[in-house]
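The structure appears right after this line, and notes come after that.
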Amino acid sequence: MLGRPPKSTRAQRKRVFELADAGLSSRQIAEQVFGDRRLKNRVLRLAGRRKRGLIGGVDPETATEAELELALSGVYAQIAELDRADSARPRESADERS
């Protein structure tokens with residue numbers, strides 16, 4: 001693992017995501033999960049990391065290995081489809097670009 005170890009456990013991160021999905025504010029979530037509403041920024045960082053870190057719509061922090069494998073297979077299929085579409089597109093020659 002690179003960087004600092006996480007200040008939250010996997011169970012805490014999962015609970016943060018559940019409460020965020022339920023519509024609670026970051027202060028309410030911080031108080032329920034970490035015991036102090038002043039830790040709202042930790043909640044906000046976790047939420048931001050979750051949005052950036054989704055793999056095929058699945059959160060790698062809380063997903064099971066089987067869920068991740070299924071999501072990755074979907075991502076790989078999308079990449080293969082894009083690659084096929086790109087390969088089928090006609091290419092410009094160097095003479096046409098000049």
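Predicted model only: the values in this text are computed from it and were never measured.
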**OP:** Could you tell me the separation between the CZ atom of R27 and the CG atom of D36, rounded to the nearest 0.5 Å?
**Re:** 10.5 Å
**OP:** Would you please name every residue forming a side chain to side chain contact (heavy atoms under 4.5 Å, CB included) with S8, sequence neighbours left out?
**Re:** Q12, R13, F34, L46
**OP:** Answer yes if F17 and V43 sit in the same cluster of Ile, Leu, Val, Met, Phe, Trp and Tyr residues linked by side chain heavy atoms under 4.5 Å apart, and no otherwise.
**Re:** yes
Original post:
Excluding sequence neighbours, so at least two apart, what forms side chain to side chain donor-acceptor pair (under 3.5 Å) with Q32?
Top reply: none
**OP:** Kindly work out whether a path of hydrophobic side-chain contacts (I/L/V/M/F/W/Y, heavy atoms less than 4.5 Å apart) joins L39 to L19.
**Re:** yes
Original post:
What residues, two or more places apart in sequence or in another chain, satisfy salt bridge (charged side-chain N to carboxylate O under 4.0 Å, His left out) together with R37?
Top reply: E31
**OP:** Sequence neighbours left out, what passes salt bridge (charged side-chain N to carboxylate O under 4.0 Å, His left out) with R42? Give chain and number order.
**Re:** none
